[in-house]
Participant: 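Quick one: the structure is below, and I'll ask about it shortly.
Only this structure's heavy atoms are used, side chains among them; waters, hydrogens and symmetry mates stay out.
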Amino acid sequence: MHEVGIADSIMGITKDVARENGLTRITNITIQIGQFTAIEADALDFAFQLMTKDTPVEGAELVIEKTPLLLRCKKCEGEYSGEIDNLSCPLCGAEDYMILQGREMVVKSISGEKIG
Amino acid sequence: MGKSTKTQTIPVKTRILSENDRLAAENRAWFVKQGIFVVNLISSPGSGKTTLLVDTLNALKGKQHCAVIEGDQQTSLDANRIAETGFPVRQVNTGRACHLDASMIKNAVSELAVTGLDILFIENVGNLICPAEFDLGEHCKVVLMSVTEGEDKPLKYPVIFHLSRAVVMTKMDLIPHLRYDPLLAEKNIRKINPQAVILRTSTYTSDGLQDWLDWLVTQKSHLPL
């Protein structure tokens, strides 16, 4: 379950952001996970909740925004939503494409309480 | 008067694996500087990574200076098999982790004799999911699929097949005993990764081994120095 490693990285980023911005309690972490990644959202949320126990991040909501897969065909230059198990162009059938979106694994924003 | 608190939202936009990526970039830069071609071998458990590696190392003896980093959750069984080839090997036990990461590679490399090395093989933990997202600083990923696993693995685990430069089909000698269609397997790989080099191999008969060795050496020759 590599989601533990992913959750650990989110915790690291959160701690840095909290320290740099004087946040004393974290209430929300919004992340973006692409459709074409090897990340299972439920497993990640489970790992995150376990990991945050007894930390200033405990109780924070992990909002996972899933970004759909979007590709561009290099032959006909059409853009299309690929199927995860078939990335070929549905417009012209070409198997030559670039992924425009769907590989994201990003911490988008962090919300927390600050004194003053 | 008590201190009041206010809620603030900080835009971040940081890659979740940015720290791993930073270490991987350091590894890669160092490998390039040293002229070491690094291959990250990934497959399900039991697909034949270690057996292919042992045969590869024996074939490269006297031609390429190689070393191996072996990733397993437990035991040094694979490292012992590699050590018998005479090439340096470092076992990394990942414990609860189901993949190698860039910091593990950095540490393992510091403990390996790498002077004058041509090729470093990293045998990842047997798993088609977890290793996919963790860049180690390698020059390419190679995924193995044995014929006993069925033709559908590229469709079930598309990310790792998409990210790999080559797909090595292993245990091809078993085909007469199986309802396995290698052409269907190749078609499935193409749906996910049209550029992948597909190599059919058998360590039992040695068929395809030379193609694999030639591919490795060609890839090494393309390494920017």
Participant: Got a second to check how far B:Gln8's CD is from A:Glu113's CD, nearest 0.5 Å?
Facilitator: 12.0 Å

Participant: If you count heavy-atom pairs under 4.5 Å between each of A:Leu87, A:Asp85, A:Ile110 and chain B, which one has the most?
Facilitator: A:Ile110

Participant: Evaluate the side chain to side chain contact (heavy atoms under 4.5 Å, CB included) criterion for residues A:Asn28 and B:Thr9: first the C-alpha distance (whole Å), next the side-chain angles of each, then the deciding distance (0.1 Å), finally the verdict.
Facilitator: CA-CA 9 Å; A:Asn28 175 297; B:Thr9 297; over 6 Å; no

Participant: Measure the NZ-CG distance between B:Lys6 and A:Leu23 for me, rounded to the nearest 0.5 Å.
Facilitator: 10.5 Å

Participant: More than 12 heavy atoms of other residues, nucleotides or ligands under 6.0 Å from NZ of A:Lys66: is that the case?
Facilitator: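 Check fails, neighbour count at 12 or below.
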
Participant: Output the distance between atom CD1 (B:Ile129) and atom CD1 (A:Ile39), rounded to the nearest 0.5 Å.
Facilitator: 10.5 Å

Participant: Between B:Pro194 and A:Asp96, what is the shortest heavy-atom contact and its length?
Facilitator: CG-N, 4.5 Å

Participant: To the nearest 0.5 Å, what is the distance between CD (A:Glu95) and NZ (B:Lys191)?
Facilitator: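 If we round to the nearest 0.5 Å, A:Glu95:CD and B:Lys191:NZ are 9.0 Å apart.
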
Participant: Is B:Phe134 close to chain A through its backbone or its side chain, or both, or neither, when contacts mean heavy atoms under 4.5 Å?
Facilitator: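 Looking at B:Phe134, just its side chain touches chain A.
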
Participant: Checking B:Phe121 now: which residues fulfil ring pair (Phe, Tyr, Trp, His ring centres under 6.0 Å) with it, not counting sequence neighbours?
Facilitator: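 B:Phe121 satisfies ring pair (Phe, Tyr, Trp, His ring centres under 6.0 Å) with no other residue.
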
Participant: As an exercise, state the distance from OG of A:Ser111 to CD1 of B:Ile10, rounded to the nearest 0.5 Å.
Facilitator: 8.0 Å

Participant: Can you tell me which of A:Ile10, A:Asp8, A:Asn21 forms the most heavy-atom pairs within a distance under 4.5 Å of chain B?
Facilitator: A:Asn21

Participant: Quick test of your reading of the model: are A:Arg103 and B:Glu133 salt-bridged, counting only N-O distances below 4.0 Å?
Facilitator: yes

Participant: Would you say that more than 12 heavy atoms from the other residues, nucleotides or ligands in this model lie under 6.0 Å from the NZ of A:Lys15, or not?
Facilitator: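 Atom NZ in A:Lys15 is not packed in, count stays at 12 or less.
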
Participant: Can you classify the ring geometry of B:His162 versus A:Tyr97 as parallel (below 30°), tilted (30 to 60°) or perpendicular (above 60°)?
Facilitator: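 Judged by the thresholds at 30° and 60°, the geometry between B:His162 and A:Tyr97 is parallel.
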
Participant: With rounding to the nearest 0.5 Å, note down the distance linking CG in B:Leu155 to CG in A:Asn86.
Facilitator: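 Here the interatomic distance stands at 8.0 Å.
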
Participant: What part of A:Val107 gets closer than 4.5 Å to chain B, counting heavy atoms only: side chain, backbone, both or neither?
Facilitator: both

Participant: Might you confirm whether atom CD of B:Gln195 has over 12 heavy atoms from other residues, nucleotides or ligands at distances under 6.0 Å?
Facilitator: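 Yes - once you tally the heavy atoms of other residues, nucleotides and ligands closer than 6.0 Å, there are more than 12.
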
Participant: Which one wins on heavy-atom pair count under 4.5 Å against chain A: B:Thr7, B:Thr5, B:Thr14?
Facilitator: B:Thr14

Participant: Heavy-atom pairs under 4.5 Å with chain A: which of B:Leu163, B:Asn188, B:Asn193 has the most?
Facilitator: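 Max contact count across the listed options: B:Leu163.
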
Participant: With chain B as the partner, which of A:Gly82, A:Ser9, A:Gly112 has the greatest number of non-hydrogen pairs under 4.5 Å?
Facilitator: A:Gly112

